[in-house]
Amino acid sequence: MRAARKEETRRRVLDAARELFEEIGYDAATIREIARRAGVSTGSVFTSFPSKAHVLTTVMQERLTDLYAELDRILPHLRGSCVDRCRSMFAVHYAFELRRARLFLAYISASFDWSAGPRAPVFGANTHLRGMIRDCLAHGVAQGEVRPDADLDMAVDLLLSAYIFNWRLVAIGVPDEAKLVALMDDQIGMIFAGLTS
Amino acid sequence: MNKMTFGALSAVAQVERPTQRALAKQRTREKILASARTLFTERGYDGATVRDIASAAGMSTGAVFASFTDKSDLFIEIVGDQHDALVRAMRAAAACKKPRAAVEAVLDAAVDAHMSDLPLFQATMSALWSKDMGPLVRSRLRRTPARDILAAVVKAAIACGDLASVSDPDLLAQMIWDGYISALRRAALEGLGTEAVRRLVRDQARVILAGATELT
């Protein structure tokens, strides 16, 4: 019973936060405002989430659920080289996240949040994307495309860093999907040059 | 003669009075900056108020506004100081080294500089990617881009044949720097020590440069 009520509060906070983030942006949406819209007390927001950054992270994760359901269905059927599949996955992410570009920038800002504390789920929160890229690289090893002694986890880290920080183009006012994808394609090519040589 | 001495003395006094005032003003500025630095580091940009900064420095809010236009002015000054120190350390490391070794030396120097005040780096990055402070922080950091120093040593390494020629050395440097920023973010959130971050950053650079390193 108590668990059900807790879940209900959590749900309402997330729905209210998602609406507010989209209407007035992350910075302007205070915890108090989120609580008011959700019809709960400010205190109960904090019993569900340690910080506003955590609320945002959860909202961003949930937005991706449908995309991943679709990707999981498509991925096993994707043909082509490992590097091409990797490019497709990042291109799909840019296309999806650019629909809420400002929110994604706020998400990057929040990922450095000092109040999130150690071992915050904010960092590297997108475990699904990480897993997909990791699988893609492992498949590349099996196919003989990627060197067997390559450090796959580090390659994943580097690909994700490039993916995230390319958003600087959006931050300075170039929310151009084609440009972002072309840049990422080049970066993926450079990292693969090291993984295959 | 007497008159002249008197004249000279009063001239000295006239010079000294504003100097004293300037010194006092400078001390006030430094006190405010020190307390602002502490509060920004502890609470981040949004969490630190001018009132708290003033009271931690033992003065009124008005006294803070006499020295600085607003909170963002204070923040940019502090961020700029840390950034200038970083750039100096990276430039010093780039000098007098063989080009390939200079890439790692520059990264090591950056790690040391940033790790000496990691919470301030976090507050800076958080502000850099935020809507309101982003443009201000970005234009300050761009005065002397740290990435350019890295790009210069990568290009030097290519020029002398330590690294194979690549189509876009700036992009290569950009990727090393992106990996570097991620490593620092991990350091901040997972509590990695300086030595561990140095190793991580070097290993990442090696993986990125692997494609540009000719096999012998």
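Labels below follow one simple rule: chain letters A, B, ... track the order of the sequence lines, proteins then strands, and each chain is numbered from 1.
- In summary, the aromatic rings of A/Phe112 and B/Trp129 are positioned with their centroids too far apart to meet the 6.0 Å limit.
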Kindly indicate, with the supporting measurements, whether the criterion salt bridge (charged side-chain N to carboxylate O under 4.0 Å, His left out) is fulfilled by B/Asp112 and B/Arg198. CA-CA 8 Å; B/Asp112 293 349; B/Arg198 271 185 173 217; 2.6 Å; yes

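- Interface remark: A/Arg168 contributes backbone and side-chain atoms alike to the contact with chain B (heavy atom separation under 4.5 Å).
- Per-residue counts of heavy-atom pairs under 4.5 Å with chain B were compared for A/Ala162, A/Ala193, A/Gly194, A/Ser161; the largest is that of A/Ser161.
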For salt bridge (charged side-chain N to carboxylate O under 4.0 Å, His left out), just list the numbers for B/Lys155 and B/Asp170, CA-CA rounded to whole Å, side-chain angles, deciding distance to a tenth of an Å, and then say yes or no. CA-CA 8 Å; B/Lys155 284 174 190 166; B/Asp170 285 305; 3.2 Å; yes

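- Checked against the 6.0 Å centroid criterion, the rings of A/Tyr94 and A/Tyr163 qualify as a close aromatic pair.
- With A/Tyr26 as the aromatic partner, B/Lys131 does not meet the cation-pi criteria of under 6.0 angstrom to the ring centre and within 45 degrees of the ring axis.
- With a threshold of 4.5 angstrom between heavy atoms, A/Leu105 approaches chain B through its backbone and through its side chain.
- Interface remark: B/Tyr180 contributes no atoms to any contact with chain A (heavy atom separation under 4.5 Å).
- For B/Leu118, no part lies under 4.5 angstrom from a heavy atom of chain A.
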